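To keep things clear, I will list the structure first and then write my remarks on it.
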Amino acid sequence: MNVSTRVECPDDAPATRRVHMAAFPGPDEADLVDALRRDPAWLPGLSLVAVDDAGLVIGHALMTRLPVGDGGNALALAPVAVAPEWQRKGVGELVVRAALSAAEEAGEKLVVVLGDPGYYGRFGFAPAGRHEVSGPFEVPDAYFQALALPAYDGGPRGLCRYPEPFVAV
């Protein structure tokens with residue numbers, strides 16, 4: 001089967017929710033995506049889905065606006081989900097790369113992620129502290145990571161402030 005990626009359409013929301021519900025043990029990630037859709041941080045062109053050749057949504061990667069420091073902006077990559085039957089087949093990597101490409105094409109500068117450095121390192125993510133960016137969560141430095149995109153000019157720098165839906169989860 002072939003897998004492709006595209007920007008999520010409004011009609012994809014129920015299928016995207018099903019993917020998150022299947023990929024995680026509870027509704028938190030699915031609820032987070034739904035809440036982010038209603039938040040000013042939502043950037044419709046940076047919600048990407050992976051679909052099989054029948055058009056079924058099998059993966060999702062979301063990037064939302066993230067204020068950093070005193071007036072700067074970055075993107076938060078979260079959540080990322082793949083339907084269980086499609087995991088470990090390259091779908092997650094495909095949809096994350098599509099999201100990063102979309103962010104690059106939009107002229108974004110910096111993407112942060114809270115996650116496994118072994119997984120996200122393959123995309124070029126490294127500890128966010130290397131870019132003088134910090135997160136609001138108490139996690140080891142290796143897990144709060146950043147990726148500078150081609151438009152990166154040394155900023156933003158400072159503390160990331162996640163949108164309210166992240167705080168509520």
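No experiment lies behind these values; they were computed from the predicted model shown. Computed over heavy atoms, backbone and side chain alike; hydrogens, waters and symmetry mates excluded.
Counting only heavy atoms from C-beta outward, the side chains of Lys89 and Val82 never approach each other to under 4.5 Å. Using a 4.5 Å heavy-atom threshold, the side chains of Tyr120 and Leu114 count as separate. Residues Met63 and Leu43 have side chains not in contact (no heavy-atom distance under 4.5 Å, counting atoms from C-beta outward). Annotation: side chain of Leu75 is in contact with side chain of Leu46 (closest heavy-atom distance under 4.5 Å). The closest side-chain heavy-atom distance from Phe24 to Leu32 is not below 4.5 Å. At least one side-chain heavy atom of Val111 sits less than 4.5 Å from a side-chain heavy atom of Leu149. Taking the side chain as every heavy atom from C-beta outward, Pro67 and Tyr162 never approach each other to under 4.5 Å. When side chains are defined from C-beta on, Arg161 does not count as touching Pro136, because their heavy atoms never get closer than 4.5 Å.
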Test log, rule side chain to side chain contact (heavy atoms under 4.5 Å, CB included), inputs Leu62 and Val80:
CA-CA 7 Å; Leu62 177 61; Val80 175; over 6 Å; no

List the steps, then state whether salt bridge (charged side-chain N to carboxylate O under 4.0 Å, His left out) holds for Arg37 with Glu8.
CA-CA 11 Å; Arg37 281 192 181 97; Glu8 181 190 41; 2.5 Å; yes

Step by step, work out the side chain to side chain contact (heavy atoms under 4.5 Å, CB included) result for Thr64 and Phe166.
CA-CA 11 Å; Thr64 50; Phe166 282 98; 3.7 Å; yes

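For the residue pair Pro163 and Ala41, the shortest heavy atom distance occurs at CG-CB, 3.4 Å. Minimum interatomic distance between Lys109 and Asp153 (heavy atoms only, all atoms of both residues): NZ-OD2, 3.0 Å. Closest non-hydrogen pair, Ala99 versus Ala61, comes out as CB-CB, 4.1 Å. Annotation for Gly158 and Val68: closest pair O-CG1, 3.7 Å, computed over non-hydrogen atoms. The two atoms that bring Gly26 and Met21 nearest to each other are O-SD, 4.4 Å, heavy atoms only. Across Ala50 and Val91, no two heavy atoms sit closer than the pair CB-CG1, 3.7 Å.
The existence of a salt bridge linking Arg65 and Glu108 is confirmed by a sub-4.0 Å separation between a basic side-chain nitrogen and an acidic carboxylate oxygen. Salt bridge annotation for Arg122-Asp116: absent, with no cationic side-chain nitrogen under 4.0 angstrom from a carboxylate oxygen.
Of the listed residues (Cys160, Pro127, Ser134), just one forms a side chain to side chain contact (heavy atoms under 4.5 Å, CB included) with Phe144, and that residue is Cys160. Remark: of the listed residues Arg17, His20, Glu29, His20 is the sole one forming a side chain to side chain donor-acceptor pair (under 3.5 Å) with His60.
Note that CG of Leu77 is 10.0 Å distant from CD of Gln145, once rounded to the nearest 0.5 Å. Taken from CD1 in Ile58 to CG in Leu94, the straight-line distance is 8.5 Å, to the nearest 0.5 Å. Note that the CG atom of Asp52 and the CD atom of Glu85 stand 9.5 Å from one another [nearest 0.5 Å].
The main-chain N or O of Asp34 is found under 3.5 Å from a side-chain atom of Arg38 such that the two form a donor-acceptor pair.
In terms of hydrophobic clustering, with Ile, Leu, Val, Met, Phe, Trp and Tyr side chains grouped at heavy-atom distances under 4.5 Å, Leu36 and Leu66 are assigned to a common cluster. One hydrophobic cluster, built from ILVMFWY side chains closer than 4.5 Å, holds both Val113 and Leu147. Neither Val33 nor Leu48 shares a network with the other; the hydrophobic side chains, linked directly or stepwise wherever heavy atoms of I, L, V, M, F, W or Y lie under 4.5 Å apart, form separate groups for each. Neither Val7 nor Val49 shares a network with the other; the hydrophobic side chains, linked directly or stepwise wherever heavy atoms of I, L, V, M, F, W or Y lie under 4.5 Å apart, form separate groups for each. In the hydrophobic cluster analysis, where Ile, Leu, Val, Met, Phe, Trp and Tyr join through side-chain heavy atoms closer than 4.5 angstrom, Val51 is grouped apart from Val3.
Counted within 6.0 Å of CG on Asp70, heavy atoms from surrounding residues, nucleotides or ligands total 12 or fewer; the atom is thus considered open. A 6.0 Å sphere centred on OH of Tyr152 holds more than 12 heavy atoms belonging to other residues, nucleotides or ligands.
Ring pair Tyr119/Phe125: centre-to-centre distance not below 6.0 Å.
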